[in-house]
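Single-structure report; data block below.
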Number of protein chains: 2
Amino acid sequence: MDSCTMEAGASGADQTLCPVARAQALVGDRFTVVILRELFMGNGRFEQLQCQADVTPQMLATRLKKLETLGLLERRAYSTRPLRHEYVLTPMGLAFHPVLLALRAWGETWLKSGEEKVAVRYVHNPCGADPGLGPTCQNCGEVMRRDDLTSTLDEAYAAERDKRWADFKPR
Amino acid sequence: MDSCTMEAGASGADQTLCPVARAQALVGDRFTVVILRELFMGNGRFEQLQCQADVTPQMLATRLKKLETLGLLERRAYSTRPLRHEYVLTPMGLAFHPVLLALRAWGETWLKSGEEKVAVRYVHNPCGADPGLGPTCQNCGEVMRRDDLTSTLDEAYAAERDKRWADFKPR
DNA sequence: CGCTCCCAATATGAAAACCATAGGGATCAA
DNA sequence: TTGATCCCTATGGTTTTCATATTGGGAGCG
């Protein structure tokens, strides 16, 4: 195993008192956040992650091990006979959701041409309305909690994902 | 200039419809987020950034150029005669604050030994109380907006930063 | 058994990113 | 002139990441 990839931040990022720097030392690379996004979307299988996060299997294996070691996710067997595992977020991993929500809001606001629609639309279950980009529901004002949200992919984004999977696994 | 460092996400991260992946393609490396943190703290000078973010000058220069190109910050002359610049966040950069807030909350919650105090304590100006880890003020319930917050560094964290600066610039 | 498919990784060598260190140009103070 | 400060660039070696191919266990099938 490549040791350096597994370490947090080499120099002193894991010793600083700054929580942002600490978090960044764990999560600050090109893949981890996107992998977490997939896990939040319910894709926990190796192949799916590799496809949708656009990661090489090596990087994926390394990241998953790291995240498991850190306690953000755990392996769970979804099939015993051909022993197969999927990756599931732990409470620590689930607690990361607000970061993704904030990143989504920023990306939707600043990184899109006006043409495009919101990639993932939510329904805020308690009030039944679209909560917007958050962090609070624009309709009822409550904080957007993951448990209270139902998500729907925009048609174009769903198509993009389907295509990726189709190209990844040619029939 | 090394071309690859400047590009977003190589393969297709800037073409995906997912705002998280897009944001991650810009910001997803070991330095950028910490640099942004420093800018939010008001440290806009090259040397300070280099010291507090623990980055080599080369990486820092590259990242600053990238962030300027992307529109998150701009160079501003703070001295004309020995022409010196500092780096200041634009609206697009300022809009990134919720992400740092979410990262801070996660880091404070999951990445600290119980011993340590909160590294940065806020006062929520409208209500005068400590808003907690957010995203809404635990006292008055309003969303934590950067403009409404006054920050104080914990003594230990302030000492850590002072020491870094002292070691960086030996008297 | 012999063959193939599926899924989850690993191996390997090449390419890119990154780091440590040193240096350079501009200004100013002594 | 000498030294000091600040911002940034250059060089060369180390580490990480990528692209591609391959392994290995188990199942299904003839």
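Per chain, numbering begins at 1; letters A, B, ... match sequence-line order. Heavy-atom basis, side chains included; hydrogens, waters and symmetry copies ignored. Since we're looking at a predicted model, the values are computed, not measured.
Counting Ile, Leu, Val, Met, Phe, Trp and Tyr side chains that sit under 4.5 Å apart, directly or through other members, A:V123 stands alone, with no cluster partners. Residue A:Y157 shares its hydrophobic cluster (ILVMFWY side chains chained together at separations under 4.5 Å) with A:M41, A:L101, A:V120, A:Y122, A:M144, A:L149, A:L153, B:L17. Alongside A:Y78, the hydrophobic cluster contains no other residue (criterion: ILVMFWY side chains under 4.5 Å). Through direct or relayed side-chain contacts under 4.5 Å between Ile, Leu, Val, Met, Phe, Trp and Tyr, B:V34 connects to no other residue.
A sub-4.0 Å separation between OP1 or OP2 of D:dT17 and a side-chain N or O of B:R30 is absent. Listed pair B:K169 / D:dA4 fails the phosphate criterion, with no side-chain N or O lying under 4.0 Å from OP1 or OP2.
Residues satisfying the salt bridge (charged side-chain N to carboxylate O under 4.0 Å, His left out) test with B:D148, not counting sequence neighbours, are B:R145. Considering only residues two or more places apart in sequence or on other chains, B:R161 meets the salt bridge (charged side-chain N to carboxylate O under 4.0 Å, His left out) condition with B:E38. Partners of A:T90 by side-chain contact (heavy atoms from CB on, under 4.5 Å), not counting sequence neighbours, listed by chain and number: A:E74, A:M92.
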For residues 127-140 of chain A, which side-chain N or O atoms pair as donor and acceptor with protein atoms under 3.5 Å away, sequence neighbours left out?
residue : atom : partner : partner atom : Å
A:D130  : OD1  : A:G132  : N            : 2.8
A:D130  : OD2  : A:R121  : NH1          : 2.8
A:Q138  : NE2  : A:D130  : O            : 3.2

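Going from atom CD of B:E47 over to atom C1' of D:dT9 covers 16 Å, rounded to whole Å. The separation between B:Q48 atom CD and D:dT5 atom C1' is 13 Å, rounded to whole Å. Rounded to an integer number of Å, the gap from A:W165 CH2 to C:dC6 C1' is 11 Å. Between A:R63 atom CZ and D:dC18 atom C1' there is a gap of 12 Å when expressed in whole angstrom units. Computed from coordinates, the A:E86 CD to C:dA8 C1' distance equals 14 Å when rounded to whole Å. Note: CZ (B:F168) to C1' (C:dA20) measures 13 Å, nearest angstrom. Rounding to whole angstrom units, CG of residue B:L60 and P of D:dC7 are separated by 10 Å. We find that CG of B:D29 is positioned 11 Å from P of D:dT17, with the value rounded to whole Å.
Here the side chain of A:T56 is nearest to one of C:dA20, C:dC18, D:dC18, namely D:dC18.
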* Contact letters for nucleotides 22-27 of chain D, in which S counts primed atoms plus P, OP1 and OP2 and B counts the base, heavy atoms under 4.0 Å -> ---BSS

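Within the 4.5 Å cutoff, the side chain of B:D29 has heavy atoms near those of the B:R63 side chain.
Residue pairs that meet the side chain to side chain donor-acceptor pair (under 3.5 Å) test with at least one member in residues 100-112 of chain A, sequence neighbours left out, do not exist here.
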Pull out every protein N or O sitting under 3.5 Å from an N or O of nucleotides 9-14 of chain C, one pair per line with the distance.
residue : atom : partner : partner atom : Å
C:dA9   : OP1  : A:R75   : NH1          : 3.2
C:dA9   : OP2  : A:Y87   : OH           : 2.3
C:dT10  : OP1  : A:K65   : NZ           : 3.1
C:dT10  : OP2  : A:K65   : NZ           : 3.2
C:dT12  : O4   : A:Q58   : OE1          : 3.2
C:dT12  : O4   : A:Q58   : NE2          : 3.2

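Of the residues in residues 33-43 of chain A, not one comes within less than 4.0 Å of DNA chain D through any heavy atom.
With salt bridges taken as basic N to acidic carboxylate O contacts below 4.0 Å, one links B:K169 and B:E47.
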